[in-house]
Amino acid sequence: MVISIIGAGAMGCRFGVAFAEAGAQVWLYDVWQEHVNQMNANGLVVEDGVGGERTLEVNAVSDISRMPVSDVVVIFTKSMYTMDAITKAVPIIGRDTAVLTLQNGLGNIEAIREATGNNPVIAGVTNYASDLLKPGRVELKGSGVTKMMALDEGAREKAARLVGLLCAVGHNAMLSDDVLIDIWEKVAFNAALNTTTAITGLTVGGGGSLSESRQLLFDISSEVVMVAKAEGINASESHVHGIIESVFDPEMSGDHKTSMLQDRILKRNTEIEAVCGRAVQIGKKHGLKTPKLECVYALVRVIECNYNKICL
Ligand code: NAD
């Protein structure tokens, strides 16, 4: 199976390594030339998070024309670059190519459909984590679960094969019964945790340290769940609240800096539109009020538009 990863950053490398070690022919495409050069010159160094490391030879490219038409194209950029990434990937998308997204946020599926037309799409979520430490070096973090589902009949067999490849290398992967619920519940979680950590500068545990801030997290996520339900997606408020409760513990993710906080620290664009902005818009379409979601959305937006003016 030929699998091409578009966006070979932290997660693209993590999943690329898993698919390659399971026997797939994997291609890693990225626009970051230094990272691509490093992988080609010295391989991709994989730190396993528990003190070990290994180096893999990989096919890394920054020129799509060097890649084959693929059985599966995996989009693993941050969500604000999905449209650019999938548009670049069009030359390696054949009639039967399936496109997989495991990215966070809303709007990725729609962007993929807009750029590819009739190609079958597989969507999913993952709470595995990783960091790209420097060009050519990735650190795998924690364990979790990856769920995916073919949104079109034509990708059903490929989704099962991808899950099989991941499971073959010990990755906890499964087919989802209703991936839109999974995606919206993850958005509800991220809309609460990622925004508030980016605004306060605290790690995940910080948000759980006061009853008032805990309540804010529950309220933001409840507003997203309300929007999901208006869209006909049966997301569960109690499920999302349970997950939020569980991550404050330092043994879980309490010490974790969310990706949005890391983006703020490094003054990078954030995934705020996909994580909050789209839910706000969809809520408005249904005539719903989402005041707390809109508040954190506006605060993250104003921070990312004014990085160089922050007085702290
Ligand atoms: P990342 O920034 O580490 O990697 C993205 C890569 O995409 C970068 O190497 C970048 O150079 C590349 N890129 C940017 N624009 C591109 C384009 N137009 N074409 C091709 N490549 C392009 O991001 P990440 O942490 O791997 O996150 C990817 C997605 O996975 C996000 O939606 C994120 O929310 C989600 N996610 C991340 C984690 C994590 O632990 N890192 C966990 C779960 C989900």
Side-chain angles (χ1 to χ4, degrees), residues 4-18 27-39 44 47 49 58 60-64 67 73-92 99-109 111-112 115 123-148 171-173 182-183 185-187 189-191 193-195 197-198 204 243 247 253 256-276 278:
S4 292
I5 313 259
I6 311 298
M11 294 300 276
C13 283
R14 174 160 204 163
F15 278 77
V17 166
W27 290 78
L28 299 175
Y29 171 88
D30 206 284
V31 291
W32 188 11
Q33 193 64 51
E34 191 187 353
H35 176 44
V36 169
N37 291 348
Q38 183 65 27
M39 287 191 280
L44 173 60
E47 293 190 12
V58 290
V61 285
S62 54
D63 175 1
I64 287 276
M67 297 170 74
V73 165
V74 186
I75 302 297
F76 239 143
T77 61
K78 293 275 178 75
S79 54
M80 55 281 197
Y81 307 122
T82 300
M83 183 50 99
D84 187 55
I86 186 69
T87 304
K88 283 202 175 88
V90 164
I92 59 164
V99 182
L100 167 67
T101 166
L102 298 171
Q103 299 155 283
N104 280 332
L106 300 171
N108 296 304
I109 296 169
I112 290 166
V125 292
T126 181
N127 53 16
Y128 278 84
S130 54
D131 278 339
L132 195 63
L133 301 173
K134 59 182 187 178
R137 180 175 284 267
V138 66
E139 182 185 9
L140 315 185
K141 297 189 115 174
S143 56
V145 60
T146 297
K147 292 185 185 179
M148 66 179 84
H171 186 114
N172 182 18
D182 301 330
I183 290 171
E185 288 186 351
K186 190 147 194 236
V187 168
F189 173 88
N190 287 335
L193 266 301
N194 290 20
T195 55
T197 51
V204 165
I243 297 171
V247 295
S253 315
H256 174 63
K257 291 190 186 92
T258 64
S259 60
M260 203 171 274
L261 172 57
Q262 291 182 40
D263 288 337
R264 177 180 174 174
I265 292 167
L266 295 172
K267 299 186 176 173
R268 294 189 301 222
N269 290 335
T270 72
E271 292 186 296
I272 189 66
E273 287 302 334
V275 167
C276 283
R278 276 185 91 95

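Note that ligands are numbered from 1 as they come in the structure, with each ligand's atoms numbered from 1 the same way.
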Chemist: I want to check something: taking the side chain as every heavy atom from C-beta on, are Cys13 and Met39 in contact at a cut-off of under 4.5 Å?
Modeler: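 In short, these two side chains touch, coming nearer than 4.5 Å.
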Chemist: In terms of residue, atom name and distance, what is the protein heavy atom nearest to atom 19 (N) of ligand 1?
Modeler: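 Closest protein heavy atom to atom 19 (N) of ligand 1: Val31 CG1, 3.6 Å.
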Chemist: Just to confirm my output: which protein heavy-atom neighbour is closest to atom 4 (O) of ligand 1, and how far is it?
Modeler: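 Here the nearest protein heavy atom works out to Gly9 CA, 3.2 Å.
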Chemist: His171 side chain to Thr146 main-chain N or O, any donor-acceptor pair under 3.5 Å?
Modeler: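 A pair under 3.5 Å: no.
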Chemist: Just to check, does Lys186 reach to within less than 4.0 Å of ligand 1 when the distance is taken from its heavy atoms?
Modeler: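 Heavy atoms of Lys186 do come under 4.0 Å of ligand 1.
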Chemist: Just to confirm my output: which protein heavy-atom neighbour is closest to atom 32 (O) of ligand 1, and how far is it?
Modeler: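 The closest one turns out to be Glu271 OE2, 2.7 Å.
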Chemist: For atom 41 (N) of ligand 1, what is the closest protein heavy atom, and at what distance to 0.1 Å?
Modeler: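 So the nearest neighbour among protein heavy atoms is Ser130 O, 3.1 Å.
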Chemist: State whether the side chain of Tyr128 and the backbone N or O of Met11 hold a donor-acceptor pair below 3.5 Å, judged by distance alone.
Modeler: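 No, Tyr128 side chain to Met11 backbone: no donor-acceptor pair under 3.5 Å.
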Chemist: Using side-chain heavy atoms (C-beta onward) and a distance below 4.5 Å, is Leu132 in contact with Trp32?
Modeler: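 SC-SC contact between Leu132 and Trp32 confirmed.
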Chemist: Is there a donor-acceptor contact under 3.5 Å from the side chain of Asn190 to the main chain of Val275?
Modeler: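 No, Asn190 side chain to Val275 backbone: no donor-acceptor pair under 3.5 Å.
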Chemist: Flag Tyr128 as yes when one of its N or O atoms lies below 3.5 Å from any N or O atom of ligand 1, and as no otherwise.
Modeler: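 Among all N and O atoms of Tyr128, none is under 3.5 Å from an N or O of ligand 1.
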Chemist: Students should be able to answer this: which protein heavy-atom is nearest to atom 20 (C) of ligand 1, and at what distance?
Modeler: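 Nearest neighbour among protein heavy atoms for atom 20 (C) of ligand 1, to 0.1 Å: Tyr29 CE2, 3.5 Å.
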Chemist: Nearest 0.5 angstrom please: Phe15 CZ to Leu140 CG, how far?
Modeler: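 Nearest 0.5 Å value for the CZ-CG distance: 10.5 Å.
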Chemist: Can you tell which part of Thr77 has a heavy atom less than 4.0 Å from ligand 1: side chain, backbone, both or neither?
Modeler: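 For Thr77, the contact with ligand 1 is made by both the backbone and the side chain.
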Chemist: Quick test of your reading of the model: are Lys186 and Asp182 salt-bridged, counting only N-O distances below 4.0 Å?
Modeler: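 Answer for the salt bridge query: no.
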Chemist: Which of the numbered atoms in ligand 1 are under 4.0 angstrom from any heavy atom belonging to Lys88?
Modeler: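 Result: 18 (N).
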Chemist: Output the list of atoms in ligand 1 that are nearer than 4.0 Å to some heavy atom of Thr126, sorted by atom number.
Modeler: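 So the answer, numbered in order with elements, is 43 (C).
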Chemist: Please write down residue, atom name and distance for the protein heavy atom closest to atom 23 (O) of ligand 1.
Modeler: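 The answer is Lys78 CE, 3.5 Å.
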Chemist: Going by the atom numbers of ligand 1, which of them fall below 4.0 Å from some non-hydrogen atom of Tyr81?
Modeler: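 In order of numbering, the contacting atoms are 14 (C), 15 (N).
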Chemist: Heavy-atom contacts under 4.0 Å between Lys141 and ligand 1: side chain, backbone, both, or neither?
Modeler: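 Neither part.
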Chemist: Tell me if a side-chain donor or acceptor on Asn127 pairs with a main-chain N or O of Val145 at a distance below 3.5 Å.
Modeler: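 Flag set: sc Asn127 to bb Val145 pair under 3.5 Å.
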Chemist: Taking Ser130 for its side chain and Ala10 for its backbone only, find out whether a donor-acceptor pair lies under 3.5 Å.
Modeler: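 Side chain of Ser130 to backbone of Ala10: a pair is present.
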Chemist: Between Arg137 and Glu47, does at least one N-O distance fall below 4.0 Å, as a salt bridge requires?
Modeler: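 A salt bridge links Arg137 with Glu47.
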Chemist: Could you check whether any side-chain N or O of Arg14 sits under 3.5 Å from a backbone N or O of Lys141, counting only pairs where one atom can act as donor and the other as acceptor?
Modeler: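 Yes; judged by distance alone, with no hydrogens or angles, the pair exists.
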Chemist: Can you tell which part of Glu34 has a heavy atom less than 4.0 Å from ligand 1: side chain, backbone, both or neither?
Modeler: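 Answer for Glu34: neither.
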Chemist: Considering only heavy atoms of Asp84, which atoms of ligand 1 have at least one such atom less than 4.0 Å away?
Modeler: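 Answer, ordered by atom number: 17 (C), 18 (N).
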Chemist: I'd like to know if the side chain of His35 and the backbone of Gly136 have a donor-acceptor N/O pair within less than 3.5 Å.
Modeler: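 Checking the backbone N and O of Gly136 against the side chain of His35, a donor-acceptor pair under 3.5 Å is found.
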Chemist: Under a 4.0 Å heavy-atom limit, does His35 contact ligand 1 with its side chain, its backbone, both, or neither?
Modeler: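 The answer is neither; His35 stays 4.0 Å or more away.
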Chemist: Hey, is the main chain of Leu133 close enough, under 3.5 Å, to the side chain of Asp131 for a donor-acceptor pair?
Modeler: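 Judged by distance alone, no pair lies under 3.5 Å.
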Chemist: Do Gln103 and Ser79 meet the criterion of a side-chain donor-acceptor pair at a distance under 3.5 Å?
Modeler: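 No donor-acceptor contact under 3.5 Å links the two side chains.
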Chemist: Can you sort out which atoms of ligand 1 are near Ala129, meaning under 4.0 Å from one of its heavy atoms?
Modeler: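 Those qualifying, in numeric order: 40 (O).
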Chemist: Among all protein heavy atoms, pick the one closest to atom 28 (C) of ligand 1 and tell me residue, atom and distance.
Modeler: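 Ranking protein heavy atoms by distance from atom 28 (C) of ligand 1, first comes Phe76 O, 3.4 Å.
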Chemist: Looking at ligand 1, does any of its N/O atoms fall within less than 3.5 Å of an N/O of Ala10?
Modeler: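 Between Ala10 and ligand 1, an N or O pair is found under 3.5 Å apart.
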Chemist: For ligand 1, find out whether one of its N or O atoms is nearer than 3.5 Å to an N or O atom of Met11.
Modeler: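 Yes; the residue has a nitrogen or oxygen that sits under 3.5 Å from a nitrogen or oxygen of the ligand.
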Chemist: Tell me whether Ser259 reaches ligand 1 (any heavy atom closer than 4.0 angstrom to a ligand atom).
Modeler: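 It does not, in that no heavy atom of Ser259 comes within the 4.0 Å cut-off of ligand 1.
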Chemist: Hey, is ligand 1 close enough to Asn104 that some N/O pair sits below 3.5 Å?
Modeler: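 In this structure, Asn104 places an N or O atom under 3.5 Å from an N or O of ligand 1.
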Chemist: Nearest protein heavy atom to atom 11 (O) of ligand 1, by residue and atom, and its distance?
Modeler: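 The closest one turns out to be Asp30 OD1, 2.6 Å.
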